[in-house]
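Note sheet for the following structure.
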Amino acid sequence: MQAYILKRLLQAIPLLFGITLVSFFMMYLSPGGPTDLAMDPKIKPEDREKMMAALGLDQPPWVQYLNWLFHFIQGDWGTSFIRKVPVMDLIWERLPQTLLLMGTSFCFAALLSIPIGILAAKKKNSWVDYTSTFFAFLGLATPNFWLGLLLVMLFSVYWNIFPAGGIASFLSTDSGALDQLKHLILPAITLGTADLAGLTRYTRASMLEVLGQNYMQTARAKGMREWVVVYKHGLRNGLIPVITVFGLSLPSFFGGAVIVEKIFSYPGIGLLFLDAVFQRDYPVIMAITTFSAMLVVLGNLLADILYAVLDPRIDYK
Amino acid sequence: MKRMNPFFPILILLFLMVLVVHEQAYPTSVHGASRKGSPDHLVIGTIGSPSLFNPYFSADSASSQIESLLFNGLVTFDEKLKPQPDLAQSWDVSEDGYNWTFHLKKGVKFHDGVEFTADDVVFSYMIPKKPGYAGPRGSDFEQIKSIRAIDRYTVQFTLKEPYAPFLSVCAYAILPRHLLKDVPAEKLAEDPFNTKSPIGTGPYVFKKWKDGQFIQMDAYDGFHLGKPAIQHVYFRIVPDQNAQLIQLQAGGIDMMGIPATDLAVGRLFEEQGKIKLVSQPSLAYTYIGYNLQNPLFQDQKVRQALTYAINRQQIVDIVLEGQGQVAHTHGSPLSWAFSEDLLKYEFNPVKAKQLLAEAGWTDSDGDGVLEKDGKEFSFVLMTNQGNKTREMVSQIVQEQWAEIGVEAKPRLMEWSAFVNDYVDTKKFEAIILGWSLGVDPDPTAIWHSKEIASGLNFISYRNEKVDRLLEKNVRELNQDKRKEILIQFQRIIAEEQPYTFLYYTNEIRAYPPTLVGMTKHPAGALDQIYRWTYE
């Protein structure tokens with residue numbers, strides 16, 4: 001097992017290297033640069049040239065890339081062009097918020113989709129199945145920026161149940177765990193809905209296949225109670241393909257976070273990334289792209305390891 | 001197995017929708033709105049995240065707003081854009097215009113208690129002149145030859161040449177020398193002073209910066225013009241325009257700027273007693289710029305015709321909901337250097353057609369678009385994406401030009417791409433853009449022919465008379481004479497119409513209903529905030 005993990009981690013190195021290369025040059029292909037944001041009559045072309053030179057932007061792109069890579073390998077992620085502070089500081093300040101948001105919406109998606117999927121499979125063609133199918137398609141078809149605004153409109157503006165944005169009550173002493181949770185619910189639902197919908201469908205399909213297997217008949221013939229049959233024998237087998245989908249849905253959480261964080265003024269990595277893109281803050285863009293690529297690679301590895309845990313037939317030796 | 005009607009879930013959804021629609025359009029009571037009594041704070045909404053709090057390195061408006069509370073300059077500019085004493089008590093300029101002497105206020109203290117002196121002035125205004133400096137402010141200080149402290153409270157500047165806009169340079173912030181004197185120029189941008197502990201002489205003290213959330217500032221007890229009445233000022237970062245309006249309604253934000261396109265929503269909140277709206281002229285104008293390198297726009301008659309064809313008053317009334325004023329030339333009616341007495345091209349499509357005919361444009365093939373020498377009068381009208389007002393203007397202009405046989409094809413582009421690929425490279429044909437003018441009326445950066453190559457004269461306007469006027473304008477220290485020069489310049493521009501000047505935009509701001517003391521300063525939303533208070 002350790003050997004396998006090590007092998008996978010080593011394989012990830014060229015992959016990540018490729019990702020940085022592609023994202024660096026994609027970033028350079030996008031027009032504009034960090035110094036031509038403000039069309040300010042007070043900022044002269046000479047000032048701009050000096051600023052470009054100070055940022056190292058007067059060098060050819062490949063030199064800039066190698067420069068970046070050289071520092072990156074040594075653990076130096078650079079300094080933000082706009083904020084003039086180490087990129088690492090910015091990321092560490094924002095990362096916990098995003099991980100909390102991703103984690104919560106992931107739990108929301110996982111904890112609801114599996115039982116609903118099982119129920120829908122168990123009661124195939126019943127109203128439970130139809131309803132869940134209907135809402136699953138609705139959830140998949142709903143863009144999250146729209147869903148976010150709708151939820152704010154309903155739960156914040158009309159019904160005043162949840163706050164419209166931020167991560168803690170502003171100007172109030174009440175900023176305990178409960179308060180934070182209240183701020184987390186709407187963005188988490190917005191971010192997790194599409195995945196909840198997709199995973200429900202996957203769980204249903206996977207369970208349908210398992211429920212028709214011979215070993216389920218055997219289990220029932222042994223005189224086990226129905227829920228034991230379904231949850232112990234069925235679920236464990238049915239979950240295996242779902243785990244893959246979980247692992248693959250990680251990037252979509254990261255991508256979705258960009259939009260959701262903007263709608264909910266949620267101070268996470270996504271918002272930082274969005275600002276950086278519009279300001280052409282190259283070191284921040286590079287750091288976040290690379291960082292999220294690393295998370296995705298790790299997520300997939302984790303899914304593969306979970307495979308082995310869930311399915312004794314799989315052994316990475 | 002019992003089969004269920006598959007339409008059942010749709011019924012549930014319809015039911016839910018009815019529930020939603022049944023609610024009133026805008027509820028009147030939302031949590032947080034009950035902030036009455038005597039609040040000791042003000043929450044200002046900002047869309048952009050600030051970068052850092054050091055005006056010699058930051059170039060974004062979110063940062064400069066906060067810097068305006070932290071720091072003072074030697075002079076400040078009042079509502080009429082006339083210079084007034086700030087940290088300097090008075091100043092005099094030598095007969096030849098080369099030497100400026102400033103007499104500083106005594107007893108002004110930085111937030112850390114250290115007294116402000118002439119050394120701080122020398123230190124601060126030398127920052128952009130140091131060899132290692134790589135910030136955006138270098139050219140502003142270029143005219144300064146040397147600065148020296150004559151005594152503890154007197155500073156003398158020697159200029160390379162007499163320079164009329166010099167006082168606007170003296171509005172730059174004074175930083176505390178005692179905290180920054182050992183930081184090398186090339187390291188100053190990254191110094192923690194800028195992000196963790198900025199210290200100035202301004203009315204508010206930096207307290208806390210929660211990245212992506214808010215900046216808290218507290219009243220400075222020792223402020224030299226008196227302790228501010230409002231104890232805490234918060235800048236709350238809400239990056240989405242709609243989310244900002246929701247926060248304003250819910251009471252999460254007290255004050256924000258409202259774009260004209262959201263004015264209806266603002267009025268609704270005002271009726272509900274949540275805010276009061278104040279609309280006032282600003283120093284910004286919007287224009288259509290013509291690329292004068294393009295043969296299409298080189299004839300003055302053609303440009304005049306294009307202006308005649310646009311009903312600008314209608315644009316102000318419809319797009320800006322009346323919150324603006326038609327513009328006719330460069331400059332601002334708010335400035336001392338401006339005269340309304342100039343050529344105006346009021347809406348007149350008949351005159352427009354006549355001028356185009358005189359210029360040789362006729363619709364010979366009957367397709368509704370004019371031709372000359374076999375070439376159609378058709379071009380791309382570009383503007384930046386995300387500015388709803390400009391998007392609407394481009395559509396209206398397109399229709400009105402179509403009436404006189406001119407075909408404009410509107411195109412929207414992301415800001416950075418727009419500026420970099422089309423404006424800077426002069427690859428555009430016509431563009432809708434705006435200028436936000438400074439407190440000094442000097443128009444050199446936009447209209448002098450030396451700014452064509454890489455400056456902001458990207459339409460390539462070239463007029464030797466204008467060049468000479470502009471050069472005279474910066475050398476003329478007598479304000480009345482300078483005004484005459486600038487008015488001459490404005491009249492030439494008004495006549496030649498290198499731009500179609502569209503309108504001056506009003507700035508619309510939402511304030512708490514009981515807040516008083518705000519000034520109508522056209523350039524500083526937070527002008528004299530230390531005098532603001534709740535009734």
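First the proteins, then the strands, lettered A, B, ... as listed; each starts at 1. Values below: every heavy atom of this structure, side chains too, minus hydrogens, waters and symmetry copies.
- Q216(B) does not touch chain A: none of its heavy atoms, backbone or side chain, sits under 4.5 Å away.
- Options G438(B), P136(B), P128(B) differ in how many heavy-atom pairs under 4.5 Å they form with chain A, and the most are formed by P136(B).
- Across P50(B) and R83(A), no two heavy atoms sit closer than the pair O-CD, 3.8 Å.
- For the set T444(B), D421(B), D60(B), the count of heavy-atom pairs under 4.5 angstrom toward chain A peaks at D421(B).
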Given K84(A) and T195(B), is the side chain to side chain contact (heavy atoms under 4.5 Å, CB included) satisfied, shown in steps? CA-CA 9 Å; K84(A) 313 281 183 200; T195(B) 48; over 6 Å; no
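- Salt-bridge formation is detected for the pair R94(A)/D211(B): a Lys NZ or Arg NE/NH1/NH2 atom is positioned less than 4.0 Å from an Asp or Glu carboxylate oxygen.
- For the options P443(B), A417(B), A134(B), S139(B), heavy-atom pairs under 4.5 Å to chain A are most numerous at S139(B).
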Take R137(B) and D47(A) through the test side chain to side chain contact (heavy atoms under 4.5 Å, CB included) and record every step on the way to the result. CA-CA 7 Å; R137(B) 306 296 173 202; D47(A) 299 327; over 6 Å; no
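- For chain A, the option among D442(B), N194(B), D240(B) with the highest count of heavy-atom pairs below 4.5 Å is D240(B).
- Heavy-atom pairs under 4.5 Å with chain A peak, among Q213(B), Q244(B), Q247(B), at Q213(B).
- Atom NZ of K182(A) is surrounded by 12 or fewer heavy atoms from other residues, nucleotides or ligands within 6.0 Å.
- Comparing E261(A), E46(A), K50(A), M51(A) by how many heavy-atom pairs each has under 4.5 Å with chain B, the most go to M51(A).
- Only the side chain of E451(B) comes within contact range of chain A, with heavy atoms under 4.5 Å apart.
- Between the OG atom in S80(A) and the CG atom in L52(B) there is a gap of 8.5 Å [rounded to 0.5 Å].
- Chosen from S61(B), P192(B), G135(B), A453(B), the residue pairing most often with chain A at heavy-atom distances under 4.5 Å is G135(B).
- For K130(B), the NZ atom counts as densely surrounded, since its 6.0 Å shell holds more than 12 non-hydrogen atoms of other residues, nucleotides or ligands.
- In this structure, S416(B) and R280(A) have side chains that are in contact, with non-hydrogen atoms separated by less than 4.5 Å.
- Heavy-atom distances place both the backbone and the side chain of E190(B) under 4.5 Å from chain A.
- Taken from OG in S454(B) to NZ in K44(A), the straight-line distance is 10.5 Å, to the nearest 0.5 Å.
- Residue contact with chain A, scored on non-hydrogen atoms closer than 4.5 Å, involves the backbone of I237(B) exclusively.
- Of the atoms belonging to L271(A), it is side-chain heavy atoms, and not backbone ones, that fall under 4.5 Å from chain B.
- The structure places CD1 of I82(A) at 12.0 Å from OG of S49(B), a figure rounded to the nearest 0.5 Å.
- Only the side chain of E142(B) comes within contact range of chain A, with heavy atoms under 4.5 Å apart.
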